[in-house]
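Note that the numbering runs from 1 along the sequence shown for the chain.
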Amino acid sequence: MLFETNQLLLFTSAALALNLTPGADMMFCLAQGAKSGPKVGIAASIGISTGALLHTLLAALGLATLLAAHPIAFDALRWGGAAYLVWLAVRAFRSGPIEWSKPGGATSTGIAQAWREGALVNLLNPKVAIFILAFVPQFVDPARGSSVIQFLVLGGILIVGGTVVNGVVGICAAKLGRLLDENRRAGTVFRRSTGVVFLWLAANLALDRR
């Protein structure tokens with residue numbers, strides 16, 4: 001067996017605790033769900049997980065180690081992520097009200113866009129790669145078989161948990177969106193607050209080196 005039962009239970013518990021801790025991913029899904037509905041909130045969660053999956057694959061192949069060892073590459077990715085979050089903030093400030101009353105308000109285009117943005121927000125955050133590289137290997141035991149397979153399995157558990165938690169956040173946030181739709185002034189305040197959240201995330205990513 002690749003894992004001991006106690007080891008797997010310990011990792012799953014730790015991963016769930018980490019997934020339940022509010023962070024940039026959860027805030028992004030919250031904003032998307034409240035702004036555009038439950039389908040978009042779920043799509044944002046899946047997008048975040050897509051980025052996390054790619055980070056896990058890179059970490060398993062050892063590329064995340066190179067990122068951690070080369071500050072210039074780390075900073076380039078970090079600043080790229082910050083710039084993208086600023087762009088999202090500007091778009092949130094300029095966006096108009098969401099027409100919840102229209103059938104199919106969450107279009108396939110909007111869902112695909114939320115997935116794409118979620119993936120990019122995660123991919124352009126080098127701290128995600130560094131975190132995966134620091135956390136997952138603690139539960140890998142080379143004596144039990146392929147370290148790469150163990151790393152991918154554990155990373156998958158972490159990602160599935162994050163998808164569920166962030167998806168639930170996106171769905172619950174959609175109820176808030178419906179309430180805001182009934183009060184256009186409150187909706188405008190929320191959209192601007194979403195922009196502020198994105199700016200805060202950008203500043204946090206830009207100023208926090210590691």
*CD1 of Ile157 to CG of Leu16: how many Å apart, nearest 0.5 Å?*
11.5 Å
*List in chain and number order the residues that pass side chain to side chain donor-acceptor pair (under 3.5 Å) with Ser49, two or more places apart in sequence or in another chain; answer none if no residue qualifies.*
Thr163
*ILVMFWY network linking Val168 to Leu20, side-chain heavy atoms under 4.5 angstrom*: no
_Min side-chain heavy-atom separation Phe28-Glu117 under 4.5 Å_ = yes
_For Arg116, salt bridge (Lys or Arg N to Asp or Glu O under 4.0 Å) partners two or more places apart_ = none
*Nearest atoms (heavy-atom pairs only) where Ser45 meets Gly167*: OG-N, 3.2 Å
*asked:* Would you say Phe131 ends up clustered with Leu10 if hydrophobic residues are merged whenever their side chains have heavy atoms under 4.5 Å apart, either directly or through other cluster members?
replied: yes
_Between CG on residue Leu58 and NE2 on residue His55, distance to nearest 0.5 Å_ = 7.5 Å
*asked:* Please report the interatomic distance CD1(Ile159) to OG1(Thr56), rounded to the nearest 0.5 Å.
replied: 3.5 Å
*Which residue pairs pass the ring-ring contact (aromatic ring centres under 6.0 Å, His included) test with at least one member in residues 2-23, sequence neighbours excluded?*
Phe11-Phe135, Phe11-Phe139
*Considering non-hydrogen atoms only, spot the tightest contact between Ala15 and Leu158 and give its length.*
CB-CD1, 3.6 Å
Per-pair distances, 0.1 Å, donor-acceptor, side chain in residues 149-156, under 3.5 Å, sequence neighbours excluded:
| from | atom 1 | to | atom 2 | distance (Å) |
| --- | --- | --- | --- | --- |
| Gln150 | OE1 | Asp141 | N | 3.0 |
| Gln150 | NE2 | Asp141 | O | 2.7 |
| Gln150 | NE2 | Gly145 | O | 3.3 |

*Measure the CG-OG distance between Leu8 and Ser13 for me, rounded to the nearest 0.5 Å.*
9.5 Å
*Any link between Val136 and Leu54 through a network of hydrophobic side chains (Ile, Leu, Val, Met, Phe, Trp, Tyr) touching at under 4.5 Å?*
no
*Side chains of Leu9 and Thr5: closer than 4.5 Å at any heavy-atom pair?*
yes
_Holding to side chain to side chain contact (heavy atoms under 4.5 Å, CB included), I want the full list of residues that pass it with Asp25, two or more places apart in sequence or in another chain._
Ile48, Asn122, Asn166
*asked:* Using the side chain to side chain donor-acceptor pair (under 3.5 Å) criterion, which residues pair with Gln7? Sequence neighbours excluded.
replied: none
*Look at the side-chain heavy atoms of Ile, Leu, Val, Met, Phe, Trp and Tyr, link any pair under 4.5 Å apart, and say whether Leu57 and Leu123 land in one connected group.*
yes
*asked:* Tell me the closest heavy-atom pair linking Met26 and Asn19, and the distance in Å.
replied: CE-O, 3.5 Å
*Quick one: OG1 on Thr50 to CG on Leu120, what's the gap to the nearest 0.5 Å?*
10.5 Å
*Under 4.5 Å between side-chain heavy atoms, hopping through other hydrophobics if needed: is there a path connecting Leu18 to Ile132?*
yes
